[in-house]
J.: 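I am attaching a structure below and will ask some questions about it afterwards.
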Amino acid sequence: MKTIYFDNNATTKVAEEVAEEMKPFFCELYGNPSSMHTFGGQIAAKIRKSRKQVANLLGCDPAEIIFTSGGTESDNAAINGTLAAAPDKRKIITSRVEHPAVLSVCRELESCGYTVIELGVDKQGRLVRDKLEEQIDDDTTLVTIMYANNETGVVFPIEQIAELVKSKGSVFHTDAVQAVGKIPLNLAKSNIDLLSLSGHKLHAPKGVGVLYVRKGTRLSPFMLGGHQEKGRRAGTENVPGIVGLGKACELAAKNIKEENERVRKLRNKLENAILKNCPDSMLNGDKDNRLPNTSNISFEYIEGESILLMLDKYGICASSGSACASGSLEPSHVLRAMGVPFTAAHGSIRFSLSRYNTEQEVDYTIEKLPPIINRLRELSPFVAK
Ligand code: PLP
């Protein structure tokens, strides 16, 4: 059975070109980039090239790129490294809908005595910004707000937020793990100080990412040891991963507008057909300010997990809004923050597309999904018979 993969916000396929580029760095070009010999030196040159490829996609200077093990490390490093560099300040501002890679760090810091303010969102998942300005004070070290939400795809007005934070003298970090490669960025023209990205969300392998650090931003080293990454992130580099990430960024930079327009059309076709053909279904998130690839839809009165299992029988992969990975069937913290009714939050499904999806896959899903929803509703104790 063919796999139809609509779970690209969870992870993406490694692009063939990326895998090809990485191959020599396992068995042929395996030197250590820190070595003095030519064999190792050529690897250092390849890392320099990757750094440029990433910088080109982000519109920044290659010296502002630190390679990490992924989005989680970059988020942790941005928050902890900023606080460590300003030990006299004790306040952090974030949002209630951040990924756990940010939210758990902030909540841990709160338990250690920091003041943490979590800004809310409205019914459409848009950040409620009025409190931000009044909350930023002299004690605020860091404001960390995601660029785009991984569950709903809602994109926040990050450039305006960054400008406001800068005018108040605090550091601004954004978790752009879901945005990079899907939205054109130009950090040279922005006030973002720190930005996290993750390779496996943009067709590079898992276990590699980047923390962008604007020149002049104070950040304590977050991994101590050797002198790699200018002493800020020690540890022998994940060379194949870094090479792959460089190539993936080059590919993303080349076609970002055209690819995303194609993906947006496919997503819209899928979404419109589902909303039309499945009664009591509704879209979660701001329709107009969204990633082009994401659609989060609630189906009233039924469980997201049951829908996923039935889709899985047809080889269709999506994900549900429940935190099932943690073994709990609690609705997602994002949908709860949006005030999505309990009955709808439980039956939410996220479809996230990529440039590898086709119109046939969308058509196939449009055909298979409505009967699944009808069947589950017939079995549901919540539907009035
Ligand atoms: N931030 C966001 C918004 C994400 O969606 C994810 C992954 O799902 C992460 C951070 C974590 O990235 P990684 O899996 O590379 O650690």
Side-chain angles (χ1 to χ4, degrees), residues 5-14 18 54 65-80 94-108 118-119 121 125 127 144-156 158 161 173-183 185 192 194-212 222-223 233 235 238 240-242 244-245 248-249 252 284-285 289-296 317-326 332-335 337-338 348 350-354:
Y5 190 73
F6 288 142
D7 202 10
N8 287 277
N9 287 10
T11 198
T12 59
K13 163 191 159 133
V14 173
V18 167
V54 177
I65 299 296
I66 300 178
F67 288 111
T68 66
S69 67
T72 302
E73 182 187 328
S74 298
D75 286 343
N76 274 252
I79 299 168
N80 291 324
T94 185
S95 84
R96 280 171 66 191
V97 297
E98 298 295 311
H99 188 273
V102 166
L103 217 42
S104 324
V105 184
C106 291
R107 289 182 181 166
E108 177 65 20
E118 293 180 11
L119 302 174
V121 292
L127 193 73
T144 171
I145 307 278
M146 69 200 325
Y147 212 113
N149 187 269
N150 43 304
E151 292 189 30
T152 58
V154 172
V155 176
F156 291 150
I158 286 304
I161 295 172
H173 165 249
T174 185
D175 173 341
V177 164
Q178 294 294 345
V180 174
K182 298 172 190 152
I183 295 177
L185 296 176
I192 296 168
L194 300 157
L195 174 145
S196 306
L197 72 87
S198 172
H200 74 104
K201 310 288 184 180
L202 71 146
H203 305 293
K206 295 159 187 63
V208 64
V210 157
L211 178 61
Y212 155 84
F222 48 96
M223 199 85 100
R233 199 277 185 185
N238 167 7
I242 290 172
L245 179 55
C249 288
N284 294 314
N289 294 300
R290 256 188 317 162
L291 293 173
N293 77 320
T294 308
S295 184
N296 188 313
C317 310
S319 82
S320 86
S322 300
C324 45
S326 65
S332 92
H333 71 289
V334 176
L335 299 184
M338 290 162 63
S348 79
R350 178 188 71 189
F351 298 92
S352 48
L353 282 65
S354 83

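All ligand and atom numbering here is 1-based and tracks the order in the structure. Since we're looking at a predicted model, the values are computed, not measured.
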J.: For each nitrogen or oxygen atom of ligand 1, which protein N/O atoms lie closer than 3.5 Å, and how far apart are they, rounded to 0.1 Å?
T.:
| residue | atom | partner | partner atom | Å |
| --- | --- | --- | --- | --- |
| ligand 1 | 1 (N) | D175 | OD1 | 3.3 |
| ligand 1 | 1 (N) | D175 | OD2 | 2.6 |
| ligand 1 | 5 (O) | Q178 | NE2 | 2.8 |
| ligand 1 | 8 (O) | H99 | NE2 | 3.4 |
| ligand 1 | 8 (O) | K201 | NZ | 2.5 |
| ligand 1 | 14 (O) | H200 | NE2 | 2.9 |
| ligand 1 | 15 (O) | G71 | N | 2.8 |
| ligand 1 | 15 (O) | S198 | OG | 2.6 |
| ligand 1 | 15 (O) | H200 | NE2 | 3.4 |
| ligand 1 | 16 (O) | T72 | N | 2.9 |
| ligand 1 | 16 (O) | T72 | OG1 | 2.6 |

J.: Verify the distance criterion only: is there a donor paired with an acceptor across the side chains of K206 and T11 at less than 3.5 Å?
T.: yes
J.: Among D7, T152, N296, N284, which residue satisfies the side-chain hydrogen bond (donor to acceptor under 3.5 Å, both in side chains) criterion with R350?
T.: D7
J.: Taking all heavy atoms of N8 and all of S352, pick out the closest pair and write down the distance.
T.: N-OG, 2.8 Å
J.: What I want to check is whether the side chains of D175 and N150 have a donor and an acceptor closer together than 3.5 Å.
T.: no
J.: Go through the side-chain N and O atoms of N9 and T294 and say whether any donor and acceptor fall under 3.5 Å apart.
T.: yes
J.: My understanding is that only one of S320, S332, S319 makes a side-chain hydrogen bond (donor to acceptor under 3.5 Å, both in side chains) with E151; could you say which?
T.: S332
